[in-house]
Amino acid sequence: MWNRRRALRTLAAAATYAVLRPPVARAQPRAILTRPIPSTGEALPVVGLGSWITFNVGDDPVARDACADVMRNFVEAGGRMIDSSPMYGSSQEVIGYGLRKTGLAARVFSADKVWTSSARGREQIDQSRRNWQVSRFDLVQVHNLLNWQEHLPTLFAMKAAGQLRYVGITTSEGRRHRDVEQLMRTHPIDFVQVTYNPVDREAEERILPLARERGIAVIVNRPFREGALVRALARQPLPPWAAEVDCTSWAELVLKFIVSHPAVTCAIPATTRVAHVRENMNAAYGRLPDASLRQRIIGAVERA
Ligand SMILES: NC(=O)c1ccc[n+]([C@@H]2O[C@H](COP(=O)([O-])OP(=O)(O)OC[C@H]3O[C@@H](n4cnc5c(N)ncnc54)[C@H](OP(=O)(O)O)[C@@H]3O)[C@@H](O)[C@H]2O)c1
């Protein structure tokens, strides 16, 4: 009995101490920047991951593991959207391998495409899904508008049947913007994917304002012009004012320029390197440039 009382007193004292003790200061986890998908309000992190060329590594086990490492670091840094296409060689299978190896499939927003001039879009999407090893895609886009007349009705029917969640269309490098605009005006698409960066700003004129007006999410491809832009920028020092928006590299500054446009939902840089995916994900944290800093970024990039 004595022992029990003493134990209870000790516990009570410990509880009092716990109440009176000043709280331990804990570092707040940084919040990742997200944008809502206009058609549903679902939040998406502003930086995603592309897979064109970079994940087309075939059966090479070392290269496949390197891609899986990129995917793991991407998701661990808070990333969600991974973008691929049947056009990207073995990339879909490599993504499937990475998702299985890392066990991170449930945290990924799967974005793929239909890309065939035939009417066999549904079969192609099924094959892509098997390559990814997912039960359904979050987003399927008509790649480069190829045969959109056949594919868009298929995608809307699949969405209505719960076989995919969102429908989109893509283009790049300023191609067929008039057709993209027309489809944005006439079809209930959820996403449009276009090229946009401090050099390629054509989308600013019509596509981005129209996306806001119509409530369409925007994915930005080729943020680094397939790497040429960051390679050119690397020849000059990073301006000291990059620190005002928490950037320590040109890649981050370019990504922050892109995702600070109010119409942009996310940018999808591709990379083979863990160091680069970490750097790119840094752009999804901290402060974003305002209008005047965006102009300074354009000026600095144009002088490079
Ligand atoms: N029509 C369409 O639907 C369409 C067209 C084009 C692209 N896309 C999509 O958009 C994605 C992105 O476009 P993209 O792959 O053409 O080009 P990108 O993302 O502009 O550039 C990729 C290149 O940038 C380099 N890079 C990445 N992060 C870097 C960093 N932090 N520092 C320095 N270099 C870095 C990579 O090299 P390292 O491997 O050395 O990092 C890679 O060679 C594609 O992968 C694809 O998913 C879609």
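Everything quoted here is computed from the prediction, not taken from an experiment. We count ligands from 1, going down the list as the structure has it; atoms in each ligand are counted the same way.
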* **Minimum side-chain heavy-atom gap Met158-Arg122 below 4.5 Å** => yes
In ligand 1, the atoms that come under 4.0 Å of a heavy atom of Phe224 are 18 (P), 20 (O), 21 (O), 24 (O), 26 (N), 27 (C), 28 (N), 29 (C)
- Query: Are any side-chain N or O atoms of Arg136 and backbone N or O atoms of Leu164, one a donor and one an acceptor, separated by less than 3.5 Å?
  - Reply: no
protein heavy-atom neighbour closest to atom 24 (O) of ligand 1 works out as Gly227 CA, 3.4 Å
_Just so I know, are the side chains of Leu33 and Tyr285 near enough to count as touching, which here means a heavy-atom distance under 4.5 Å?_
no
Practice prompt. Examine the side chains of Thr248 and Glu252 and answer whether a donor and an acceptor come within less than 3.5 Å of each other.
Written response: yes
Backbone or side-chain N or O of Trp52 under 3.5 Å from ligand 1 N or O: yes
Arg206 side chain reached by Arg178 side chain, heavy atoms, under 4.5 Å
yes
### Residues Arg165, Asp190: salt bridge by 4.0 Å N-O rule
no
A student checking ligand 1 against Gly50 at a 4.0 Å heavy-atom cut-off should list atoms 11 (C), 45 (O), 47 (O)
Show every donor-acceptor pair shorter than 3.5 Å between a side-chain atom in residues 49-59 and any protein atom, with sequence neighbours excluded, or say none if there are none.
residue : atom : partner : partner atom : Å
Ser51   : OG   : Asp83   : O            : 2.7
Ser51   : OG   : Ser84   : OG           : 3.1
Trp52   : NE1  : Glu226  : OE2          : 3.4
Asn56   : OD1  : Ser90   : N            : 2.9
Asn56   : OD1  : Ser90   : OG           : 3.0

Contacts under 3.5 angstrom, residues 274-284 side chains, donor-acceptor by atom type, not counting sequence neighbours:
residue : atom : partner : partner atom : Å
Arg278  : NE   : Asn73   : OD1          : 3.0
Arg278  : NH2  : Asn73   : OD1          : 2.9
Asn280  : ND2  : His276  : O            : 3.2

Is there a nitrogen or oxygen of Thr54 sitting under 3.5 Å from a nitrogen or oxygen of ligand 1?
no
To atom 34 (N) of ligand 1, the nearest of Val230, Leu145, Leu49, Leu255 on a heavy-atom basis is Val230
The protein heavy atom nearest to atom 28 (N) of ligand 1 is Asn280 ND2, 3.1 Å
Note to self: Please check whether Pro269 reaches ligand 1 - meaning an N/O of the residue sits under 3.5 Å from an N/O of the ligand, judged on distance alone.
What the structure shows: no
Nearest non-hydrogen protein atom to atom 6 (C) of ligand 1, with distance, is Arg222 CG, 3.7 Å
Minimal heavy-atom distance between Val194 and Ala203, with the atoms involved, is CG2-CB, 4.1 Å
Numbered in order shown, the ligand 1 atoms found under 4.0 Å of a heavy atom of Tyr88 are 4 (C), 8 (N), 9 (C), 46 (C), 47 (O), 48 (C)
What one should report as the nearest heavy-atom pair of Ser39 and Tyr166 is OG-CE2, 3.8 Å
The atoms of ligand 1 lying under 4.0 Å from a heavy atom of Thr171, numbered in the order shown, are 1 (N)
The option among Asn221, Thr272, Ile268 carrying the non-hydrogen atom nearest to atom 12 (C) of ligand 1 is Ile268
So is there a nitrogen or oxygen of Pro223 less than 3.5 Å from a nitrogen or oxygen in ligand 1? yes
Assess the side chains of Asn221 and Thr195: does a donor N or O sit below 3.5 Å from an acceptor N or O? yes
The closest protein heavy-atom partner of atom 36 (C) of ligand 1 is Ala270 O, 3.5 Å
* Asked: For atom 39 (O) of ligand 1, is the nearest protein heavy atom under 4.0 Å away?
  -> yes
In ligand 1, the atoms that come under 4.0 Å of a heavy atom of Lys113 are 3 (O)
Under 4.0 Å between heavy atoms, the region of Gln193 that gets near ligand 1 turns out to be side chain
Under a 4.5 Å cut-off applied to non-hydrogen side-chain atoms, are Ile219 and Leu139 in contact? yes
For Trp250 and Leu233, the nearest pair of non-hydrogen atoms, with its separation, is NE1-O, 3.1 Å
Under 4.0 Å from one or more heavy atoms of Ser51, ligand 1 contributes atoms 45 (O), 47 (O)
query: ligand 1 and Asn144, any nitrogen or oxygen pair closer than 3.5 angstrom?
result: yes
So the atoms of ligand 1 within less than 4.0 Å of a heavy atom of Glu279 turn out to be 30 (C), 31 (N), 32 (N)
for atom 35 (C) of ligand 1, nearest protein heavy atom and its distance come out as His276 ND1, 3.5 Å
re atom 3 (O) of ligand 1, the protein heavy-atom contact at minimum distance is Thr170 OG1, 2.9 Å
No-hydrogen, no-angle side-chain donor-acceptor test under 3.5 Å, Gln182 and Arg185:
no
among protein heavy atoms, the one nearest atom 47 (O) of ligand 1 is Asp83 OD2, 2.6 Å
Near His143 (heavy-atom distance under 4.0 Å), the atoms of ligand 1 are 1 (N), 2 (C), 3 (O)
Among Glu173, Arg278, Glu226, the residue with a heavy atom nearest to atom 21 (O) of ligand 1 is Glu226
Checking heavy atoms under 4.0 Å, the part of Ala251 that sits near ligand 1 is side chain
Of all heavy-atom pairs linking Ser110 and Trp132, the shortest is CB-CZ3, 3.3 Å
